[in-house]
Amino acid sequence: MDRFVIEGGARLSGRLTIKGSKNAALPLMATALLTDQPVVLKDVPDLADIVNMRRLLAELGCEAEYAPATDPGAAGGTMSLRSHDESLSHAKYEIVRTMRASICTLGPMLARRGYARISMPGGCAIGDRPVDLHLRGLEAMGAHITLDGGDIIARVRGGRLRGARIFLGGPFGSTVLGTSNVMSAAALAEGTTIIESAACEPEVVDVARLLMAMGARIYGAGSPRITIEGVESLRGATHRVIPDRIEAGTYMCAAAITNGDLTLDNCPVDVLLAAIDRLERAGVNIVPSGGDTDQLRTTARITSSRVLQPIEVTTQPHPGFPTDLQAQLMALLCLADGNSVITERIYPERFLHVAELQRMGARLLRQGPTVVVSGVKKLVGAPVMASDLRASACLVLAGLAAQGTTVVNRVYHLDRGYERMEDRLRMLGARIERLSDKQEALAVEAVG
Ligand code: EPU
């Protein structure tokens, strides 16, 4: 298993293009199951999760060819998808267990093929992650759903899904992938579907934009009420994936924690306002310039002074502060001058990074979904490990700022969501290396 070795203390500076969004690209890829015509996605990042989704789609009769970007500064490669065999409808455990986003193939398969069998995704390191809202939404449209051998088996009663009024709010807010799943299915249903308490995340809006380009009739995506007038069939389309707001926010934190000076291109400032607000409160300077009028693909310069102020942060559904940046912000606040308070409202157990940060000298007190972060003067390098993507990113950030050497183990978590993170950080001046077990064995041999 690969690990990162980081020598802390280097100040990051330079320019970086933010990649296309992982969490938009995954459900966008699944929409190719809704048509037999080609769907072409641009700015798709080169990530382990994307590879897994391609494998899954291939098993479901949908080929996905990926041409990586030739220019290293590009926002991602191009993916061409085409569904050619609609008799394959079983998403098996071997792939589903690697990636919970597999669930977003359920709605499209059911709507187009009338049948789907998908392994029930289990919990994961960040807590229980049920799919009851996805299933409730599809049932309201006339799907008959049973469980067999750990698989969800869904069948359409009466040939075609029917429009319905569906409430998708849950105890922790709405569901992001659930909204995309139900919206995609409703695009081919008979009649009108209204999703109440829909997720407003920009990734849902991106899926709606592709569906509309394919001929779907969708109104209100990005608001809590989405109306979908079902159509008989959808055509192929070409679509550019939105930039990854979480990658952008992570590099903003990287600039801040190293007192750096970074310019981010293809930066989705418009959908990062809550994160920018918190970072500015902490004393980080973020200056957007140029870009589209909607500020979804703009340029932003991030600089930071030496003294960071403590702040309060609560994660919330969009447009609130995103849970996917909570861990990275915690790394930063470990070095603020005073006590910060972080409350996690989406995944109350998403604190795998807390114990690891403590090993690096952070002073953290967790009580339920809240962590009090008492700022310290410095973090010190240590071997650390986390079992989820964003917790691992947090540890890399801490390592960049820490005194001495930090070894972040199990970086396959990072490879799921950050394209070539070590190369991109090194390009900006970080002292970071990837070490594979094989390389390590050779190094020991050479020494011995
Ligand atoms: N929930 C339910 N029932 C459901 C679905 C969700 O109770 O049927 C709960 C969840 O347990 C959670 C909350 O509702 O407490 C929100 O979950 P949601 O369904 O919105 O999460 P998701 O769609 O499965 C996506 C991202 C996550 C991100 C969340 C929240 C993808 C592939 N994943 O997950 O991203 O944290 O939205 O914004 O889009 C990450 O990238 O690191 C990541 C975990």
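Counting starts at 1 for both ligands and their atoms, in listed order. One is the number of the first residue; the rest follow in order along the sequence.
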Ser174 to ligand 1, any heavy atom closer than 4.0 Å: yes
Side-chain heavy atoms of Met79 within contact of Ile50, under 4.5 Å: yes
Geometric N/O contact Thr175 with ligand 1, under 3.5 angstrom: yes
Met385 side chain near Arg410 side chain, heavy-atom distance below 4.5 Å: yes
Minimum side-chain heavy-atom gap Met421-Asp423 below 4.5 Å: no
Atom 34 (O) of ligand 1 [closest protein heavy-atom partner, distance rounded to 0.1 Å]: Arg129 NH2, 3.2 Å
Protein contact to atom 8 (O) of ligand 1 [nearest heavy atom, distance to 0.1 Å]: Leu133 N, 2.8 Å
Nearest-contact summary for atom 26 (C) of ligand 1 - protein heavy atom, Å: Asn23 ND2, 3.6 Å
Per-atom contacts of ligand 1 with Leu177, taking only distances under 4.0 Å to non-hydrogen atoms: 23 (O), 24 (O), 31 (C), 32 (C), 39 (O)
Interfacing atoms of ligand 1 (cut-off 4.0 Å, heavy-atom, Arg350): 36 (O), 40 (C), 42 (O), 43 (C), 44 (C)
Heteroatom proximity flag, Pro171 to ligand 1, N/O under 3.5 Å: no
Ligand 1 versus Leu389: contacting region, heavy-atom distance under 4.0 Å: side chain
Residue and atom name of the nearest protein heavy atom (relative to atom 3 (N) of ligand 1), distance in Å to one decimal: Asp132 OD1, 2.7 Å
Shortest protein heavy-atom distance from atom 27 (C) of ligand 1, along with the residue and atom involved: Asp324 OD2, 3.8 Å
Nearest protein heavy atom with distance in Å, relative to atom 29 (C) of ligand 1: Tyr347 OH, 3.3 Å
Atom 20 (O) of ligand 1 [closest protein heavy-atom partner, distance rounded to 0.1 Å]: Val176 N, 2.8 Å
Residue pair Ile226 / Tyr219, side-chain heavy-atom distance below 4.5 Å: no
Side chain proximity check, Phe321 to Arg345, heavy atoms < 4.5 angstrom: no
Reference residue Met252; test side-chain contact (heavy atoms from CB on, under 4.5 Å); the match among Leu262, Leu272, Leu329: Leu272
Identity and separation of the nearest protein heavy atom to atom 14 (O) of ligand 1: Phe172 CB, 4.1 Å
Cys334 side chain near Leu379 side chain, heavy-atom distance below 4.5 Å: yes
Heavy-atom side-chain contact between His318 and Pro202 under 4.5 Å: yes
Contact check: Ile346 vs ligand 1, nitrogen or oxygen atoms, below 3.5 angstrom: yes
Distance-only N or O hit between ligand 1 and Pro130, under 3.5 Å: yes
Atoms of ligand 1, numbered as shown, that sit under 4.0 Å from any heavy atom of His134: 8 (O)
Proximity flag Lys22 to ligand 1, non-hydrogen atoms under 4.0 Å: yes
Reported OG1-to-CG distance for the pair Thr31 and Leu234, which is rounded to 0.5 angstrom: 9.0 Å
Stepwise side-chain hydrogen bond (donor to acceptor under 3.5 Å, both in side chains) check, Asp388 with His353: CA-CA 9 Å; Asp388 102 90; His353 40 292; 5.2 Å; no
Arg390 touching ligand 1 at heavy-atom level, < 4.0 angstrom: yes
Non-hydrogen atoms of Glu59 and Leu88 that approach each other most closely: O-CB, 3.5 Å
Side-chain heavy-atom pair Ile342, Thr370 within 4.5 angstrom cut-off: no
